[in-house]
K.L.:
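One structure coming up, written as structure tokens, with questions to follow.
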Protein chains: 2
Amino acid sequence: MELRIPTSTVRRLSDYYRVLEELELDATKTVSSQGLARQSGVTSAQVRKDLSYFGNFGKRGLGYNVAGLRREIRLILGLNRRWKVALVGGGNMGSALYSYKEFRRQGFDIVAVFDVSPNRVGQRWKDLVIAHLDRLPAEVDRLGIEIGVIAVPARAAQAVADRLVEAGVHGVLNFAHRKLFVPTTTTLRNVNLSLELEGLAFAIKARSARPARRVARRARAR
Amino acid sequence: MELRIPTSTVRRLSDYYRVLEELELDATKTVSSQGLARQSGVTSAQVRKDLSYFGNFGKRGLGYNVAGLRREIRLILGLNRRWKVALVGGGNMGSALYSYKEFRRQGFDIVAVFDVSPNRVGQRWKDLVIAHLDRLPAEVDRLGIEIGVIAVPARAAQAVADRLVEAGVHGVLNFAHRKLFVPTTTTLRNVNLSLELEGLAFAIKARSARPARRVARRARAR
DNA sequence: TGTTGTGAAGGCGTTCACAGCC
DNA sequence: GGCTGTGAACGCCTTCACAACA
């Protein structure tokens with residue numbers, strides 16, 4: 001069981017978790033891999049394979065206990081605890097992320113915000129004050145921050161990443177418009193909004209060039 | 001050349017485009033696949049393979065002309081024109097996206113914003129006024145909107161997606177915390193911020209359970 | 001009978017390695 | 001000699017298909 005887990009499996013686990021959350025609200029007790037698959041937009045074999053990386057959670061002939069499976073996934077994803085997050089960048093994007101309530105709901109608390117602009121350092125944001133980036137190492141240490149979010153202009157992003165790593169953060173979520181490099185001891189995830197729109201533009205363009213060609217995008221459960 | 005293009009290739013094209021943009025600013029005339037690879041964090045073979053889906057842009061022994069290749073990629077990604085975008089949802093996320101300047105810089109113009117809340121409909125946002133979602137079909141038609149961005153609560157997201165498709169939009173960018181289903185004639189991309197943080201949490205957790213095991217994440221050019 | 005868990009097969013994107021050309 | 005373009009090899013993730021079992 002000491003196996004490498006595909007990133008895609010971890011992503012789907014998050015999807016399953018949301019579906020299970022809703023099933024539990026509906027007071028559904030049990031769900032089959034097929035039921036879970038249909039609502040997650042994948043195949044039932046995929047569901048079973050994904051779960052099998054972590055254990056045997058189902059009962060043959062019956063399916064999975066909704067509440068039980070949800071608890072297992074919560075443990076796997078580390079959602080049974082809260083995570084402290086540092087946000088770097090107090091501009092548009094940073095302020096939007098700060099007020100995005102879903103983070104807190106999922107267990108991620110932005111406990112410090114950093115910037116370098118004299119206009120922003122010292123500004124009060126709800127229950128905290130924007131600190132200068134130079135204070136990053138001290139605050140990471142003092143507060144026990146494990147995750148850093150980068151929401152600064154592209155040209156500053158790599159330097160910020162370096163400082164986050166240096167400060168001892170182990171996970172970095174990058175919103176900057178720039179490919180970043182971090183040591184292998186740190187995990188990096190990227191969110192690039194323009195890139196997603198560019199992907200859409202490409203697909204629309206390609207489709208109109210040769211209409212009605214693509215195959216089903218919606219995976220069916222079987 | 002009538003080949004299916006991997007999504008990952010299209011994403012990397014966006015990365016190459018950004019690198020080429022910077023090279024051009026530096027007045028660099030020529031770049032090898034290796035040079036491009038190093039700055040994009042992939043292998044040189046990957047760069048050549050990606051580009052080869054679309055044509056022969058390089059010169060053997062020399063490399064690629066920076067300005068020329070950039071122009072080619074701009075055409076491939078459809079960045080040589082402007083795209084009209086409808087934003088649905090005038091909450092925190094929607095307002096952040098609306099003020100995200102990078103979109104406009106890349107050629108994507110949010111030309112209409114929709115909501116259903118009486119508090120928000122009629123509100124003035126810079127040079128436009130939030131319309132009721134019921135006006136979506138008329139406005140998509142009138143303005144020639146091709147892309148829709150969903151920034152509404154999870155439970156409303158699928159209905160909004162259906163209405164966007166119905167209105168004739170061909171690309172949908174979903175920020176809602178929910179898996180969406182659209183017909184194969186529409187392209188869907190998802191951005192799920194919580195999911196990214198959950199992925200980081202999983203990786204951090206996994207690493208601390210068995211320290212120093214992962215292999216290099218930074219691909220080296222060779 | 002219904003559904004899981006999983007080894008085997010399949011498919012697709014990445015990497016290799018080299019012929020071809022500047 | 002240097003570098004591209006690409007068929008072939010490779011590897012990883014997904015899908016299949018079925019034995020195991022409630």
Side-chain angles (χ1 to χ4, degrees), chain A residues 1-13 15-16 20 23 28-66 68-69 72-73 199 214-222, chain B residues 1-13 15-16 20 28-66 68-69 72-73 76 199 214-222:
Chain A
M1 191 75 39
E2 255 308 325
L3 201 43
R4 219 189 59 80
I5 313 293
T7 309
S8 41
T9 288
V10 179
R11 301 180 83 93
R12 283 190 298 268
L13 242 39
D15 290 338
Y16 305 154
L20 290 167
L23 289 174
T28 308
K29 288 279 174 282
T30 284
V31 66
S32 66
S33 60
Q34 184 168 148
L36 209 41
R38 196 181 42 251
Q39 296 193 63
S40 309
V42 299
T43 65
S44 61
Q46 183 77 80
V47 169
R48 295 197 297 279
K49 181 65 92 179
D50 284 339
L51 296 175
S52 77
Y53 284 115
F54 302 97
N56 299 358
F57 305 128
K59 281 203 179 19
R60 288 162 202 252
L62 277 175
Y64 302 87
N65 175 287
V66 169
L69 182 56
E72 293 289 356
I73 295 183
R214 298 179 93 90
V215 286
R217 180 166 301 257
R218 168 172 187 168
R220 251 165 306 108
R222 41 206 321 274
Chain B
M1 191 74 44
E2 256 307 322
L3 201 44
R4 217 189 60 79
I5 313 294
T7 308
S8 42
T9 289
V10 179
R11 301 180 81 94
R12 283 190 297 268
L13 242 39
D15 291 338
Y16 305 154
L20 289 166
T28 308
K29 288 280 175 283
T30 283
V31 67
S32 66
S33 60
Q34 183 167 149
L36 208 40
R38 195 179 46 251
Q39 296 192 65
S40 310
V42 297
T43 64
S44 62
Q46 184 76 79
V47 169
R48 296 197 298 278
K49 180 66 91 178
D50 285 339
L51 296 176
S52 76
Y53 283 116
F54 301 98
N56 300 358
F57 305 127
K59 283 207 176 24
R60 289 164 201 251
L62 277 174
Y64 303 86
N65 176 287
V66 169
L69 182 57
E72 294 288 355
I73 295 183
I76 294 166
R214 298 180 94 91
V215 288
R217 180 166 301 256
R218 170 174 184 166
R220 250 164 307 108
R222 39 204 322 274

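Every chain is numbered from 1 and lettered A, B, ... according to where its sequence line falls, protein lines coming before strand lines.
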K.L.:
Could you encode protein contacts along nucleotides 17-22 of chain D as a string, one character per nucleotide from 5' to 3', using B for base contact, S for sugar-phosphate-only contact and - for no contact, with a heavy-atom cut-off of under 4.0 Å?
P.N.:
B-BBBS

K.L.:
From the list C/dT4, D/dT6, C/dG13, which nucleotide is the closest neighbour of the side chain of B/P6?
P.N.:
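Of C/dT4, D/dT6, C/dG13, C/dG13 is nearest to the side chain of B/P6.
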
K.L.:
To the nearest 0.5 Å, what is the distance between OH (A/Y64) and CD1 (A/I73)?
P.N.:
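These two atoms lie 9.5 Å from each other.
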
K.L.:
Measuring from A/Q39:CD to A/L23:CG, what's the distance to the nearest 0.5 Å?
P.N.:
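Between atom CD of A/Q39 and atom CG of A/L23 there are 5.0 Å.
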
K.L.:
Choosing from C/dG5, D/dT6, D/dT14, which nucleotide comes nearest the side chain of A/K49?
P.N.:
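Among the listed nucleotides, the one closest to the side chain of A/K49 is D/dT14.
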
K.L.:
Does the side chain of A/Y16 come within less than 4.5 Å of A/V42's, by heavy atoms?
P.N.:
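Contact flag for A/V42/A/Y16 side chains = yes.
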
K.L.:
For A/I5 and D/dC12, give me the distance from atom CD1 to atom P, rounded to whole Å.
P.N.:
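That distance rounds to 14 Å.
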
K.L.:
Heavy atoms, side chains only, cut-off 4.5 Å: are A/L36 and A/L20 in contact?
P.N.:
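Heavy-atom side-chain distance check passes, below 4.5 Å.
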
K.L.:
For A/T43 and D/dT15, is the shortest distance between a side-chain N/O and OP1 or OP2 below 4.0 Å?
P.N.:
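Yes, within the criterion.
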
K.L.:
Within less than 4.0 Å of OP1 or OP2 of C/dT4, is there a side-chain N or O belonging to A/S33?
P.N.:
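Yes, such a contact exists.
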
K.L.:
For C/dT14, take OP1 and OP2 only and decide whether either is under 4.0 Å from a side-chain N or O of B/R12.
P.N.:
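Checking B/R12 against C/dT14: at least one side-chain N or O falls below 4.0 Å of OP1 or OP2.
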
K.L.:
Taking side-chain contact (heavy atoms from CB on, under 4.5 Å) as the test, write out the residues that go with B/S8, two or more places apart.
P.N.:
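So B/S8 forms a side-chain contact (heavy atoms from CB on, under 4.5 Å) with B/P6, B/R12.
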
K.L.:
Which nucleotide in the set D/dT15, C/dG5, D/dC13 lies at the smallest distance from any side-chain heavy atom of A/Q46?
P.N.:
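Of the options given, the side chain of A/Q46 lies nearest D/dT15.
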
K.L.:
Checking contacts here: which listed nucleotide (C/dT14, C/dT6, D/dT4) is nearest the side-chain heavy atoms of A/N56?
P.N.:
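Between C/dT14, C/dT6, D/dT4, the one nearest the side chain of A/N56 would be C/dT6.
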
K.L.:
So, is A/S8 close to the D/dT14 phosphate, meaning a side-chain N or O under 4.0 Å from OP1 or OP2?
P.N.:
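Yes, A/S8 has a side-chain N/O under 4.0 Å of OP1/OP2 on D/dT14.
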
K.L.:
Taking only N and O in the side chain of B/Y64, is any of them less than 4.0 Å away from OP1 or OP2 of C/dC22?
P.N.:
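Answer is no, no contact under 4.0 Å.
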
K.L.:
Under the side-chain hydrogen bond (donor to acceptor under 3.5 Å, both in side chains) rule, collect the residues that match up with B/Q46, sequence neighbours excluded.
P.N.:
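Expected list: B/D50.
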
